[in-house]
Each structure stands twice: as C-alpha cells, then as structure tokens.
Amino acid sequence: MNSGNIMIGSTSATVAVSVLIGEEFEINQENIQTDILTAFACSLKSLPYPPASRIYPSSWRYGLAILTLSKNFQNRAWMIDNNILELIKICLEQCQDPRTRASILNTLWNLST
C-alpha cells in the first residue's frame, strides 16, 4: 500500500503496525491511520486497495487493526473525526464475517468509553 510517504507491503504489515503501536501510543503518522480506514472501507465495498492494484483487503484483518487502535484515547478521537462511525454502520449492515463483526462491535464499545 502506498499513502503519502508510507509504503506498506501487505495487509499483515498494516495490522502488525497497529498492534505494535495502537494500545500504548498515539499514532503520529496520520497516513498509517488513513491507510487502515481506507483499506477497511475498500474491503467492505469489495474494492481493491490501493485502487490501481488487484489487492483486495481482508475486512477481518482491518477490523482487528481498528480494534487495536481504538484502545488508545487519542486514536479514538482521530477515528471519530475521520468517520469511523460511518464505517462501523456499513460493516454492521453488510459484513457477514463473524471475525470482522466481533472486532467492530468491540471497537464501538471502546469508542463509547
């Protein structure tokens, strides 16, 4: 994935980054968060990400990344300001993967606290 100055080679790498920094630290690299939310949105719409590629992200992996990010207060504020609630709504209405749904429901719980 390529967003701004960030190059991430795979879905797993993005999830790993969020897991490593999500709980303890605020992410200062807004483009990492943007990549995660954009890729999650694409996965919900069955679109490739990056758009010109033939890579179709797994919604459950990004659901896990979003859940991990939501454990940090500053990340939660950023996510809310960047329409995570709309993505949660779309996910709960359309996504059938129980792993994704579980992560997103737990994210919603974190956002409410």
- Message: Between L111 and I80, is there a side-chain heavy-atom distance shorter than 4.5 Å?
- Response: yes
Give every donor-acceptor pair under 3.5 Å between a side-chain atom in residues 86-97 and any protein atom, sequence neighbours left out.
from, atom 1, to, atom 2, distance (Å)
D97, OD1, R99, N, 2.8
D97, OD1, R99, NE, 3.2
D97, OD2, R99, NH2, 2.9

- Message: Within this structure, what is the CG-CH2 distance for the pair N72 and W78, rounded to the nearest 0.5 Å?
- Response: 13.0 Å
- Item | Residue pairs involving residues 100-113 (criterion salt bridge (Lys or Arg N to Asp or Glu O under 4.0 Å); sequence neighbours excluded) | none
- Item | Side-chain heavy-atom pair S43, Y56 within 4.5 angstrom cut-off | no
- Message: Side chains of T100 and F40, heavy atoms from C-beta outward: is any pair under 4.5 Å?
- Response: yes
- Task: Indicate if I104 and L85 have the same hydrophobic cluster label, given that clusters are the connected sets of ILVMFWY residues with side-chain heavy-atom separations under 4.5 angstrom.
- Result: yes
- Message: Run the side chain to side chain contact (heavy atoms under 4.5 Å, CB included) test against T113 and tell me which residues pass, sequence neighbours left out.
- Response: R76, W109
- Task: Looking only at non-hydrogen atoms, find the nearest pair between P57 and A39 and report the distance.
- Result: CG-O, 3.5 Å
- L105 and L67: same hydrophobic cluster, using ILVMFWY side-chain contacts below 4.5 Å? no
- Where I66 and I36 come nearest, the two heavy atoms and their spacing: CG1-CG2, 3.7 Å
- Task: Tell me whether Y62 is reachable from W60 by hopping between hydrophobic residues (I, L, V, M, F, W, Y) whose side-chain heavy atoms are closer than 4.5 Å.
- Result: no
